[in-house]
Amino acid sequence: MTKEELWQAVLAQIQLNISQANFSTWFKDTGIVSYNEGQVQVSVPNSFAKEWLENKYGKTILKIVSGIDREIRDVKYVLGKSELKAVPRTASIESSAGQMEIEEFKIDKETNLNPKYTFDTFVVGPSNELAHAAAWAVANKPGLVYNPLFIYGGVGLGKTHLLQSIGNAVLKNFPNQKVRYIPAEKFTAGIVSSIKNHDVEAFKKKYRSIDVLILDDVQFLAGKEKTQEEFFHTFNTLYEDNKQIILSSDRPPKAIPALAERLRSRFEGGMIGDIGYPDYETRLAILKTKAQERALDFSDDVFDYLAVNIQKNIRELEGALNRLVAYQRANNKAPDLEIAKTLLKNILLSPSKVASPKKIIESVAAFYDLKEREILSISRKKEVVKPRQIAMYLLREELKSSYPFIGRKFGGKDHTTAIHACGKILKELETNENLSNEIVLIKQRIYTG
Ligand code: ADP
Ligand code: MG
């Protein structure tokens, strides 16, 4: 077997085990440079890929290689170019950029699914591994494994993408299934208008004939009693028929305020998976996938710059990438690091996106109609004590400030005061829905005000 044949055989097996997006990102331009004396040297195009292959796929690769050739005991990764094209480029990647863009908006009227959100384009990392695994399982056995599946996570972290991927995969696996994706806000609007038009029955019927119902952003059901009631009945009908229900929210069911207890317990009755902030490698892989989808490539230092600087929202990461794409289209050349820095200055340095102690204290004070110095004072007045504790809690939660720092900030108090304050708020959040609402609103002020 030549080294080329060996590597092709390895790649073929790997491709079966990981998503197309991950495969293209990490195995593009890899190859075998030498193959003898029980050792294989694999060339990788850059140090990111090297680290990733060593740490994440090293074991798998060694297993596959030694499965093919028993003599091989060791795989080493070296930087270098390979002439071997590892990635069979898919048609959509090769089609011109213009066509891609038209394709992106072909949302199916019946299912509300956008074909661009698939498992193939979803990059898996430690932050979304479990949610992804659960989603994958559901897509292969709708109604039979986890019901309902409840995915939660912050804004722009891939919930909609994952939910839609399930829908698209179900349609591919079981073309006869009736799949419907709907944002909870739209569901609510539908109920309201059907009540107004006296055709609630038709509305109910429409939803009760579905095999896979995907309701996105269910936190919007908070406080909408009539919608919750209708949804509760729809839920039960589908559930009893072994129909699949998939839900997403920006927080776990427990933390959704004003949600009827019976609905909350339904939401908690199946599988709950969360999506966290992606780590650096995942951010980088996502960027590379998105660039590839647009048939563009940027230098590693540009990708690195984006991945280092945008950490908490993949939609923002994509927005930044779009700026670079626009630059490239307009100027017919890829932006280098200096240009990228200039282009992204507004996005990255926008002060409203970054929390600071000052911003937190300001926002809490404004929210409770207090003066900043009142919050920072040692006053024991009840209307000041609680906002002060909330401010301390937010400093801890949002900025990971140390307790001694927080204590000093608030009138030179001891760190035990800060620990007490944070603990108290945390405990109260478990039962007090109003408080959690207030904190959500305060955070909005901090980050967008
Ligand atoms: P959410 O619904 O959680 O607010 P979205 O699903 O809309 O977030 O994701 C925001 C953007 O980030 C989308 O364009 C999506 O394709 C992209 N994205 C998020 N997570 C991933 C991922 N793991 N791999 C590839 N793209 C992702
Ligand atoms: Mg979403």
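Numbering of ligands and ligand atoms starts at 1, following listing order. In this text the structure is predicted, and so the values were computed from the model without any measurement.
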_Polar contacts were defined as any N/O atom of the residue lying under 3.5 Å from an N/O atom of the ligand; does this apply to Phe122 and ligand 1?_
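No; every N/O pair is 3.5 Å or more apart.
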*Check each heavy atom of Ile286 against ligand 1 and say whether those closer than 4.0 Å belong to the side chain, the backbone, both or neither.*
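Under 4.0 Å from ligand 1, Ile286 contributes side-chain atoms alone.
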_Heavy-atom pairs closer than 4.0 Å: do any link ligand 1 to the side chain of Thr121, the backbone, both, or neither?_
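Contact part for Thr121 vs ligand 1: backbone (N, CA, C, O).
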*Verify whether one side chain among Thr121 and His161 offers a donor that lies under 3.5 Å from an acceptor in the other.*
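Present: a donor and an acceptor within the cut-off.
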*asked:* Hydrogens and angles aside, do Asp297 and Gln292 bring a side-chain donor and acceptor to less than 3.5 Å of each other?
replied: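 No.
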*Contact between Lys290 and ligand 1, counting heavy atoms under 4.0 Å?*
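Lys290: in contact with ligand 1 (<4.0 Å).
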*ligand 1 contact by Gly153, heavy-atom criterion under 4.0 angstrom*: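 Heavy atoms of Gly153 never come under 4.0 Å of ligand 1.
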Closest candidate by heavy atom, reference [atom], pool [options]:
atom                    : options                : value
atom 24 (N) of ligand 1 : Val123, Thr282, Leu157 : Val123
atom 2 (O) of ligand 1  : Ile151, Thr160, Asp120 : Thr160
atom 16 (O) of ligand 1 : His161, Lys159, Lys116 : His161

*Relative to each other, are the rings of Phe27 and Tyr57 parallel, tilted or perpendicular (30° and 60° limits)?*
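Plane angle between 30° and 60°, so tilted.
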*Mind checking whether Phe119 and His132 have parallel, tilted or perpendicular rings, split at 30° and 60°?*
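Taking His132 first and then Phe119, their aromatic rings stand perpendicular (interplane angle over 60°).
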Where is the tightest heavy-atom contact between [X] and [Y], given as atom of each residue plus distance?
X      : Y      : value
Val364 : Pro387 : CG1-O, 3.4 Å
Ser43  : Val33  : CB-CG1, 3.8 Å
Gln228 : Ala260 : OE1-N, 2.8 Å

_Arg283 side chain near Gln311 side chain, heavy-atom distance below 4.5 Å_ =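 Of all side-chain heavy-atom pairs linking Gln311 with Arg283, at least one is under 4.5 Å.
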*Would you mind reporting whether Leu321 and Phe303 have side-chain heavy atoms less than 4.5 Å apart?*
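A side-chain contact exists here, since the closest heavy-atom pair is under 4.5 Å.
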Counting non-hydrogen protein atoms only, what is the nearest one to [atom]? Give residue, atom name and distance.
atom                    : value
atom 7 (O) of ligand 1  : Arg315 NH2, 2.8 Å
atom 4 (O) of ligand 1  : Gly156 N, 2.7 Å
atom 8 (O) of ligand 1  : Gly158 N, 3.1 Å
atom 12 (O) of ligand 1 : Ile314 CG2, 3.1 Å
atom 13 (C) of ligand 1 : Glu318 OE1, 3.3 Å

*Numbering the atoms of ligand 1 from 1, which are under 4.0 Å from a heavy atom of Gly154?*
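Those of ligand 1 that fall under 4.0 Å from Gly154 are 3 (O).
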_Where ligand 1 meets Asn128 - atom numbers and elements under 4.0 angstrom, heavy-atom basis_ =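 Here the atoms of ligand 1 in question are 23 (N).
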*Look at Thr160 and state whether any of its N, O or S atoms is less than 2.8 Å from the Mg ion (ligand 2).*
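It does: Thr160 brings an N, O or S atom closer than 2.8 Å to the Mg ion (ligand 2).
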*Would you please indicate yes or no on a ring centroid separation below 6.0 angstrom for Tyr207 and Phe235?*
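No, ring centres 6.0 Å or more apart.
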